[in-house]
Structures are given as structure tokens and as C-alpha cells.
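Read the structure below first, then the notes.
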Amino acid sequence: MNVSASLSPYNSPIPQSPPMILDTLPDPAIEGQVCPRKTRVQIDLILLAIEALELGGSEAILSFAQELELKGIIKDRVNLWRMRSTNPLRRAHNRRSLTIMEAKALVVIACYLARRLTVVIRQLLMIYQQLDEKQIPLEQNLRLSNYLERFRAHFKSRMNPRRSGIMALTSDEKLDELAIDLLGKLLFCTGTAGMQRFWISLFDGEVE
């Protein structure tokens with residue numbers, strides 16, 4: 001037996017290191033390195049808003065996973081669905097944990113998508129502000145109305161109405177408020193160090 005060959009480094013599996021882009025987000029000081037409830041809910045909702053903004057949002061998430069070299073974490077559509085189903089408000093909630101690395105990957109992708117949609121997000125928020133100031137119904141603007149309608153449809157089809165967190169969001173008015181609030185968070189993600197600041201905000205009150 002050739003001992004030197006058996007000890008060759010080429011025969012040893014090389015441990016996979018996390019993608020470098022994830023290093024831009026700090027590790028929160030939480031127990032077990034799994035995401036708390038609030039974090040899981042907020043990440044899923046921010047992605048829901050992106051899907052309401054952009055047709056084919058799920059495909060865009062998977063495309064960015066490939067582009068940003070995150071396919072080792074977000075492998076395919078089923079894998080993405082399982083991560084998002086860690087949101088306890090979902091109809092198809094599963095009890096698996098969302099790891100910090102998975103959460104980082106989803107947040108990085110959400111922020112990159114938000115940057116691509118910056119102009120649209122700004123325009124919709126400006127339209128909302130103008131309509132709100134003049135007390136004009138939001139459905140009077142077709143672009144804003146389309147976004148709100150898609151968000152409500154996504155939310156109602158995917159969230160469990162029997163969950164306590166959903167019962168306060170039964171009216172279209174409340175869902176519209178949530179959709180607008182998420183637009184503001186997406187715009188926040190596009191600012192200077194927005195990705196890092198949004199990430200840290202997901203653990204407010206959770207960090208030891």
C-alpha cells in the first residue's frame with residue numbers, strides 16, 4: 001500500500017466554507033444559532049412583498065441564489081419553500097429550525113432584489129404618500145392597487161387564518177397597511193449599509 005498516496009490531501013474531502021458574501025452579516029448572539037420566531041416571520045413577509053412587486057418572484061430568488069453562489073444553501077424550489085415554511089403563521093408551517101446561515105442567505109437575496117426594484121419601491125411609496133395626504137382611496141392608482149391586491153392574495157393563500165398573529169390582519173385595510181410597511185422596509189434595505197442594518201433589526205429584543 002502506498003502510504004504517501006493514502007495521505008494525499010487530494011484524497012481528503014475539503015470542508016465547505018460558507019459563501020463569503022454571508023460574512024458581511026454579523027452573527028447574532030443567540031442561543032443555538034437558530035432563528036427566533038420574529039426573525040422567521042419577518043424574512044418570509046419581506047419575500048412575500050417582493051413576490052407581490054415582481055411577477056416570478058420565486059424564480060428571481062432562485063436565480064439570485066445561483067448568481068450569488070448561495071445554491072449550496074438554497075438548492076431548489078422545495079428547499080426554499082421549506083425555509084419559508086418555518087414562518088409559524090403559514091398554513092404549511094413546518095417545525096424545522098431556520099439556521100442563521102439560511103436566514104443570512106435569504107436576507108442577502110432579499111436585499112439584492114430590493115436594490116434591483118429600488119425605483120419601483122420609491123415610486124409606490126411616493127404615490128401612497130400623495131394619496132394618503134389627499135385622502136384619496138389607494139385603489140385610485142392602478143400601480144399601487146395592483147401591488148396591494150397581489151400582496152393580499154399571496155398573504156391570504158399562504159397564511160393560516162386561525163393563527164393568533166393573523167387574526168388581527170383579517171381586513172383588506174390592515175393588509176394594505178402591512179404591505180406599505182414592508183415597502184418601507186425594502187427601501188431601508190437599499191440604503192447605505194441597509195442590508196446589515198435590516199439584518200440586525202431582525203433580532204431586536206432577541207439578542208442576549
Side-chain angles (χ1 to χ4, degrees), residues 15-19 21-52 56-66 68-114 150-171 174-175 177-179 181-182 185-186 189 195-196 198-208:
Q16 288 277 39
S17 56
I21 195 167
L22 301 187
D23 292 340
T24 60
L25 301 178
D27 288 330
I30 56 173
E31 188 178 347
Q33 287 297 290
V34 294
C35 294
R37 182 183 190 277
K38 170 194 166 183
T39 308
R40 288 177 277 135
V41 170
Q42 286 300 312
I43 290 174
D44 188 33
L45 289 178
I46 209 82
L47 292 171
L48 202 70
I50 287 171
E51 288 173 328
S58 293
E59 287 74 17
I61 292 168
L62 293 170
S63 176
F64 264 97
Q66 177 82 44
L68 298 170
E69 299 181 354
L70 296 171
K71 286 289 282 184
I73 301 170
I74 303 173
K75 298 175 180 66
D76 51 36
R77 187 183 298 276
V78 172
N79 189 234
L80 173 62
W81 177 81
R82 284 176 179 156
M83 288 184 201
R84 295 186 63 181
S85 294
T86 61
N87 173 4
L89 302 183
R90 278 195 170 240
R91 291 178 188 271
H93 169 55
N94 66 53
R95 296 187 178 277
R96 78 180 278 271
S97 300
L98 183 70
T99 68
I100 294 298
M101 189 181 295
E102 288 172 336
K104 283 184 178 184
L106 292 174
V107 165
V108 166
I109 290 170
C111 290
Y112 270 80
L113 280 166
R150 283 197 298 268
F151 180 82
R152 291 194 303 266
H154 288 337
F155 189 94
K156 289 175 181 177
S157 67
R158 298 177 194 181
M159 303 303 161
N160 187 340
R162 293 190 294 276
R163 301 282 182 196
S164 58
I166 301 297
M167 290 178 182
L169 295 167
T170 52
S171 71
K174 288 292 184 186
L175 285 177
E177 286 176 13
L178 175 60
D181 179 64
L182 289 166
K185 287 179 178 175
L186 283 170
C189 291
M195 184 163 65
Q196 289 78 11
F198 174 67
W199 170 252
I200 290 166
S201 76
L202 292 173
F203 297 92
D204 284 350
E206 305 287 347
V207 176
E208 293 173 349

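Just so it is clear, the values below take in all heavy atoms, side chains as well, and ignore hydrogens, waters and symmetry mates.
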Run the numbers on Lys75 and Leu80 for side-chain contact (heavy atoms from CB on, under 4.5 Å), then give the verdict. CA-CA 7 Å; Lys75 298 175 180 66; Leu80 173 62; over 6 Å; no
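- A 4.5 Å side-chain heavy-atom check between Leu45 and Phe155 finds at least one atom pair inside the cut-off.
- Residues Pro28 and Trp199 meet the side-chain proximity criterion, which asks for heavy atoms closer than 4.5 Å.
- Using modelled atom types, no side-chain atom of Arg91 and backbone atom of Asn160 make a donor-acceptor pair closer than 3.5 Å.
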Go through it in stages, so that I can follow the logic: the residues are Arg37 and Leu89, the test is side-chain contact (heavy atoms from CB on, under 4.5 Å), and I'd like the CA-CA distance, side-chain angles, deciding distance and then a yes or no. CA-CA 10 Å; Arg37 182 183 190 277; Leu89 302 183; 3.4 Å; yes
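- With contacts defined as side-chain heavy-atom distances shorter than 4.5 Å, the pair Lys156/Leu175 qualifies.
- Taking both residues in full, the closest heavy atoms of Asp204 and Lys38 are given as O-NZ, 3.1 Å, listed atom of the first, atom of the second, then distance.
- When Arg40, Arg82, Arg96 are each tested for a salt bridge (Lys or Arg N to Asp or Glu O under 4.0 Å) with Glu102, only one passes: Arg96.
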Leu106/Ile46 under side-chain contact (heavy atoms from CB on, under 4.5 Å): CA gap, chis, key distance, verdict: CA-CA 10 Å; Leu106 292 174; Ile46 209 82; over 6 Å; no
Start with the C-alpha gap between Glu51 and Leu113, add the side-chain angles, then the distance that decides, and say whether side-chain contact (heavy atoms from CB on, under 4.5 Å) holds. CA-CA 10 Å; Glu51 288 173 328; Leu113 280 166; over 6 Å; no
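- Atom CE of Met83 and atom OG1 of Thr99 lie 7.0 Å apart (nearest 0.5 Å).
- Nearest heavy-atom pair across Cys35 and Ile30 is CA-CD1, 4.5 Å.
- With a 4.5 Å cut-off on side-chain heavy atoms, Leu62 and Ile74 count as touching.
- No side-chain heavy atom of Thr86 sits under 4.5 Å from any side-chain heavy atom of Ser97.
- What you find for Met101 and Ile73 is that their closest heavy atoms are CG-CD1, 3.5 Å.
- Atoms CG and CG, from Leu70 and Leu22 in turn, are 5.5 Å apart once rounded to the nearest 0.5 Å.
- Note that CG of Leu178 is 8.5 Å distant from CG of Leu48, once rounded to the nearest 0.5 Å.
- Counting heavy atoms from C-beta on, the side chains of Lys71 and Asn79 never come closer than 4.5 Å.
- The minimum heavy-atom distance between Ala110 and Leu47, with the atom names listed, is CB-CD2, 3.9 Å.
- Residue Lys174 qualifies as open at atom NZ: its count of foreign heavy atoms under 6.0 Å is 12 or below.
- In this structure, SG on Cys189 lies 10.0 Å from CG on Leu182, to the nearest 0.5 angstrom.
- The nearest pair of heavy atoms linking Leu25 to Gln196 is CD2-CA, 3.9 Å.
- For the atom pair CD1 (Ile43) and CD1 (Ile109), the distance works out to 11.0 Å, reported to the nearest 0.5 Å.
- At a threshold of 4.0 Å, the pair Arg77-Glu59 counts as salt-bridged, since one of the basic side-chain nitrogens sits closer than that to a carboxylate oxygen.
- The two residues Phe198 and Val107 make their nearest non-hydrogen contact at CD2-CG1, 4.0 Å.
- Of the possible polar contacts, one joining the His93 side chain to the Ser85 backbone as a donor-acceptor pair under 3.5 Å is found.
- Ion pairing between a basic and an acidic side chain is recognised when a charged N comes within 4.0 Å of a carboxylate O; Asp44 and Arg158 show no such pairing.
- Every residue two or more places apart in sequence or in another chain was checked for a side-chain contact (heavy atoms from CB on, under 4.5 Å) with Ser157, and none qualifies.
- In this structure the side chain of Met159 reaches within 4.5 angstrom of the side chain of Asn87, judged on heavy atoms.
- When atom types are taken as modelled, the side chain of Lys104 and the backbone of Thr24 share no donor-acceptor pair closer than 3.5 angstrom.
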